[in-house]
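To keep things clear, I will list the structure first and then write my remarks on it.
Residue numbers start at 1 and run along the sequence shown. Note that the structure is predicted; figures quoted are calculated from it, not measured.
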Amino acid sequence: VTLDDDEIILKSVYNPVTELGERFEYRVGRVSSVRDFYYGYYKFNIWLPEASFMNPKIELLGDGDTVTLMSGYSNVFGEYFKFETKVDGKDEEVESILNSGDYNEVSCLYTPDGLQIYYNGLMVRSVKGFSFGKKIKVSVINSLQPEVEGIIVDDSEFKVKGLTYYRHV
């Protein structure tokens, strides 16, 4: 994980190691907030990694539950074929309107009434009556798809060019 000007860059790098008898081909990047966030509006400007079999994610971590705002899946050519959200333990595939090779906006509005998730300004999911607590941490992850086996030789960068947060009162 590096910081370059106003971007956090999460790298996935080929670096095979063996620990406790298991071989791991890659190191991946993850950044989580230290401070708590609350009900409000969250906006992430992101650059998706352009590499094979990637699974970048943006998550909100609440009281014992995790909301996945965006989980992307790239194919062997580094093109994204699927995006999912996960709210209240339920995955839902959403329209693929995020692009690699350009900055995208992933945002959400979380209030006591529920949660709405937006990709590039278009609502992709709305869950009424959902709550996973008032104190929230933010987590951004660049990793390989869990089912990928063998050696993948692409290194990748998942860039976050900022988080804008407005607290709901």
Side-chain angles (χ1 to χ4, degrees), residues 1-12 28-51 54-74 78-145 155-169:
V1 178
T2 59
L3 186 60
D4 184 13
D5 291 325
D6 60 348
E7 291 181 325
I8 295 173
I9 301 172
L10 294 95
K11 294 186 179 189
S12 166
V28 298
R30 179 183 192 126
V31 173
S32 297
S33 65
V34 175
R35 69 165 280 198
D36 289 325
F37 293 90
Y38 302 92
Y39 291 125
Y41 178 75
Y42 300 76
K43 180 173 79 171
F44 301 83
N45 289 315
I46 62 167
W47 183 283
L48 294 168
E50 299 175 88
M54 297 309 300
N55 182 214
K57 292 181 184 179
I58 299 173
E59 298 178 331
L60 301 180
L61 313 172
D63 296 334
D65 201 359
T66 299
V67 168
T68 303
L69 299 179
M70 187 275 305
S71 180
Y73 297 85
S74 68
E79 300 162 342
Y80 286 83
F81 64 91
K82 180 169 80 169
F83 289 95
E84 291 179 333
T85 63
K86 185 175 187 175
V87 179
D88 204 16
K90 298 177 186 98
D91 289 333
E92 185 173 301
E93 192 169 331
V94 296
E95 187 178 341
S96 299
I97 55 176
L98 300 176
N99 304 303
S100 56
D102 199 1
Y103 279 97
N104 295 275
E105 182 181 292
V106 173
S107 57
C108 81
L109 177 62
Y110 176 49
T111 68
D113 298 328
L115 178 78
Q116 296 173 338
I117 301 172
Y118 299 86
Y119 290 178
N120 291 326
L122 300 172
M123 186 167 56
V124 296
R125 188 162 184 194
S126 179
V127 181
K128 298 223 183 270
F130 172 76
S131 178
F132 68 125
K134 292 181 183 177
K135 290 186 178 180
I136 298 162
K137 296 204 182 303
V138 173
S139 184
V140 182
I141 305 156
N142 186 24
S143 65
L144 289 172
Q145 295 173 31
D155 290 350
S156 72
E157 293 184 345
F158 182 26
K159 299 177 184 179
V160 180
K161 193 176 177 82
L163 162 63
T164 302
Y165 167 69
Y166 299 99
R167 187 171 178 178
H168 178 271
V169 286

Kindly assign one of parallel, tilted or perpendicular to the pair Y110 and F130, based on the angle between their ring planes and the thresholds 30° and 60°. tilted
Is there a side-chain contact (heavy atoms from CB on, under 4.5 Å) between Y39 and S131? Walk through the geometry before answering. CA-CA 10 Å; Y39 291 125; S131 178; 3.8 Å; yes
Only counting residues at least two apart or in another chain, list the ones meeting side chain to side chain donor-acceptor pair (under 3.5 Å) with Y118. Q116
With sequence neighbours left out, write down each residue that passes side chain to side chain donor-acceptor pair (under 3.5 Å) with S100, or none if nothing qualifies.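 In terms of side chain to side chain donor-acceptor pair (under 3.5 Å), with neighbours along the sequence ignored, S100 is linked to no residue.
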Please examine the side chains of [Y] and [X], heavy atoms only from C-beta on, and report whether any two atoms are closer than 4.5 Å.
X	Y	value
H168	Y41	no
F81	E79	no
P56	W47	no
I117	V94	no
V138	Y42	yes
I97	V124	yes

Any side-chain donor-acceptor pair under 3.5 Å between Y73 and E84? yes
Is there a donor-acceptor contact under 3.5 Å from the side chain of N104 to the main chain of D102? yes
Taking every non-hydrogen atom, the tightest pair across A51 and S74: O-OG, 2.7 Å
Shortest non-hydrogen separation from L98 to E105 and the atoms involved: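 Here L98 and E105 meet closest at CD2-O, 4.3 Å.
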Test F158 against V31 for side-chain contact (heavy atoms from CB on, under 4.5 Å), laying out the working first. CA-CA 11 Å; F158 182 26; V31 173; over 6 Å; no
If you count heavy atoms of other groups shown closer than 6.0 angstrom to NZ of K82, is the number above 12? yes
Count the heavy atoms belonging to other residues, nucleotides or ligands that lie under 6.0 Å from NZ of K137, then report whether that count exceeds 12.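 Enclosed.
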Which residue is it: E157, M70, M54? I am looking for the one with a side-chain contact (heavy atoms from CB on, under 4.5 Å) to L48. M70
Set of residues satisfying salt bridge (Lys or Arg N to Asp or Glu O under 4.0 Å) with respect to K90, sequence neighbours excluded: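 Once residues adjacent in sequence are excluded, the partners of K90 under the salt bridge (Lys or Arg N to Asp or Glu O under 4.0 Å) criterion are D88.
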